[in-house]
Amino acid sequence: MKRILTIALFLSLLVSAAAAETISVYNWGDYIDVDTLSQFTAETGIDVIYEVYETNEDMYAKIANGGSSYDVIFPSDYMVERMAGEHLLHPINWENIPNAANIDERFMHESYDPEPTYSVPYTWGTMGILYNTTMVDEAPDSWQTLLDPEYAMDMLMLNSPRDTLGIALVMAGHSLNSTDPKDLEDAKQLLIEQKPLVLAYVVDEVKDKMIGGEAAVALVWSGDATFCMDESDELDYVVPKEGSNIFFDTMCIPANAKNVSGAEKFIDFMCRADIAAKNYEYVGYAIPNRAAIEVLGEEEYNASPVNNPPQEVLDKCEVFHYLGDDTKLYDQIWTEIISEF
Ligand code: N2P
């Protein structure tokens, strides 16, 4: 009898183990159509534990601490560079991601991961100013707008160290990859000068606030501008003439992932044309997936100057690079700026 019970227990454990294949996915907030998660589970039987973060730095801290294990993460360009260098990423086995063939070759050899070895392109975009046309006199075309007292308490900034310091560097006439302490001091002074004008430093909340008409201008990522402009006719987006950041966000597998094959299945699923198209319609960020753009209709997709900026705009944009130990200087300055807010 005891033996039968033991066998029964063993079998039931086996069944529940088989039924419970899971992957754990760690993504930016508002960065996926959650319907695609349930569709993935329905098609593969793999459950998805889904958690979100707001910035590359938050995600990095969690992974680098080693305490948590995820199977799929979504770092941007410079963070891929950093994490690859610190052996925090698992190489991608491209044979297991056949839908990666849908990704435009032009996105497959960016300098942050030129092979690519560790990252599968997911989305891309620029940073710019989202503004409410009923609250500004003239359409802004310069980052100086974010220093204009006319918008005191009508201005939202990004609570994201690299992004906001990067733009402050550009405002001060420097490269957004500068590590020169003098340049960074200029950027810091600009952000300190700007502080009394800033209503709030936000990340995902920027969308509700801008759609709700709570502020006149905001520093945003282009995909969030697309999302907001779909909801409100009063909003428009500009990449200022001084230049900006162009970013590439990716899907990666952390080195300590527990379910690499599940992660590969998920990444492959996200690269499928119908899924990437559906996801684009919800998320709003530009995609590198050619087959999905065909599904969406190339003409309609390309009609958006926000997600499909003209070459002269792109020519003025710089990608963030990982800055090694100088990142500490950025962190220090950021803490000073944000802590007294
Ligand atoms: C979406 C975050 C987008 C990340 N909430 C921009 N790199």
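Indexing begins at 1, ligand by ligand and atom by atom, following the structure's order. Keep in mind that what you see is a predicted model, and the values were worked out from it rather than measured.
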Hey, does [Y] have a side-chain heavy atom less than 4.5 Å from the side chain of [X]?
| X | Y | result |
| --- | --- | --- |
| Tyr280 | Asn289 | no |
| Thr164 | Leu191 | yes |
| Met59 | Trp28 | no |

Could an N or O of ligand 1 be found under 3.5 Å from any N or O of [X], whether backbone or side chain?
| X | value |
| --- | --- |
| Asp249 | yes |
| Asp204 | yes |
| Gly29 | yes |

Quiz item: So, does Tyr285 sit close enough to ligand 1 that a heavy atom of it is under 4.0 Å from the ligand?
Solution: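 Yes; Tyr285 lies near enough to ligand 1 that a heavy-atom distance drops under 4.0 Å.
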
Self-check item: Closest approach of any protein heavy atom to atom 2 (C) of ligand 1, naming residue and atom
Solution: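 Going by distance alone, atom 2 (C) of ligand 1 is nearest to Trp28 CE3, 3.4 Å.
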
Practice problem: Just say parallel, tilted or perpendicular for the rings of Phe247 and Trp221, cut-offs at 30° and 60°. | Solution: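 Answer is perpendicular, since the angle exceeds 60°.
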
Exercise. Please answer whether the main-chain N or O of Ile275 pairs with a side-chain N or O of Thr36 as donor and acceptor at a distance below 3.5 Å.
Key: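 No, Thr36 side chain to Ile275 backbone: no donor-acceptor pair under 3.5 Å.
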
